[in-house]
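Just below is one structure, and these are the notes that go with it.
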Amino acid sequence: MARRRIARRRGGGYRLRLTPPERELLAALPGQLIELLGTDDPSLRRLAPPAYGEDQRASADYAEMVHGDLLEGRREALSTLARTAAAETLTEDELGSWLTATNDLRLVLGTRLGVTEDTQGLMPSHDDPQASEWIAYNYLSWLQEEVVAALSDAL
């Protein structure tokens with residue numbers, strides 16, 4: 001069995017075993033999403049699905065009530081990911097922010113790529129114009145699994 005790259009430490013916190021290119025990606029991606037937050041970019045739609053299904057009025061009222069707090073929470077999580085990408089260890093709160101940030105990044109990338117159950121995990125050909133986005137999406141999916149597994153160790 002392969003050794004996990006994010007693991008709970010005996011004294012608390014979590015050890016990260018990530019390569020320099022992984023860390024560079026994790027430092028760069030959050031800023032790109034932070035720039036999009038608060039815009040009407042269609043790739044953000046999965047970050048704020050209607051809370052009340054078909055009831056547009058109730059969904060709009062809910063969105064108006066919580067949108068600012070949710071947006072601020074996303075920005076904080078993304079900033080934490082970027083700020084701690086080079087760290088060797090993380091606190092539980094920081095790793096929780098990584099989970100939030102990787103989820104948001106995956107949702108936006110998945111929306112842009114049109115990911116479905118049939119295309120989940122697709123490995124693009126090297127000449128695919130969206131190859132880098134697919135690689136980032138697949139990497140973030142793997143990383144999110146690593147974060148969840150590490151956080152589960154504390155339960």
At what distance, to the nearest 0.5 angstrom, does CD of E24 lie from CD of E22?
-> 10.5 Å
Would you check if L26 and W98 make a side-chain contact, meaning some heavy-atom pair closer than 4.5 Å?
-> yes
CG-CD distance between L113 and E133, expressed to the nearest 0.5 angstrom = 6.0 Å
Interatomic distance, CG@L95 vs OG1@T80, rounded to 0.5 Å, equals 11.5 Å
Look at the side chain of R8 and the backbone N and O of A150, then say whether any donor-acceptor pair between them is shorter than 3.5 Å.
-> no
Nearest heavy atoms of E94 and T84, plus distance in Å | OE2-CG2, 3.8 Å
Connected-component partners of V66 among ILVMFWY, side-chain separation under 4.5 Å = Y52, Y62, M65, L70
Report yes if some heavy atom in the side chain of L105 is under 4.5 Å from a heavy atom in the side chain of L81; otherwise report no.
-> yes
To the nearest 0.5 Å, what is the distance between CG (L33) and CG (L36)?
-> 6.0 Å
Spacing of I6 atom CD1 and R17 atom CZ [to the nearest 0.5 Å] = 10.5 Å
Taking all heavy atoms of A27 and all of A82, pick out the closest pair and write down the distance.
-> O-CB, 3.7 Å
Any pair with a residue in residues 102-139 that passes ring pair (Phe, Tyr, Trp, His ring centres under 6.0 Å), sequence neighbours left out, goes on the list, sorted by first then second residue, please.
-> Y139-W142
So, do L107 and L44 sit near enough that their side-chain heavy atoms are less than 4.5 Å apart?
-> no
Short side-chain donor-acceptor distance under 3.5 Å, D93 and T91 | no
L109 to A136 - nearest heavy-atom pair and separation | CD1-CB, 4.0 Å
Side-chain heavy-atom pair L47, L37 within 4.5 angstrom cut-off | yes
Looking only at heavy atoms, which two atoms of A77 and A101 are closest? And how far apart?
-> O-CB, 3.7 Å
Is it true that L140 and V148 fall in one hydrophobic cluster, defined by side-chain heavy atoms closer than 4.5 Å?
-> yes
Note, V108 side chain near D41 side chain (heavy atom, < 4.5 Å) = no
Go through L99 and Q144 one step at a time and tell me if the side-chain contact (heavy atoms from CB on, under 4.5 Å) criterion holds.
-> CA-CA 6 Å; L99 183 58; Q144 191 174 38; 3.7 Å; yes
Is a side-chain donor or acceptor of R46 paired with a backbone partner of G110 at a separation under 3.5 angstrom?
-> no
Is there a donor-acceptor contact under 3.5 Å linking the side chains of T116 and D118?
-> no
Indicate the atoms forming the closest heavy-atom contact of Q130 with R112, along with that distance.
-> NE2-O, 3.9 Å
Which heavy-atom pair separates S141 from R106 by the least distance, and what is that distance?
-> OG-NE, 2.7 Å
Beyond-backbone contact of L18 with E146, side-chain heavy atoms, under 4.5 angstrom | no
Between the OG atom in S97 and the CD atom in E76, the distance rounded to the nearest 0.5 Å is 8.0 Å
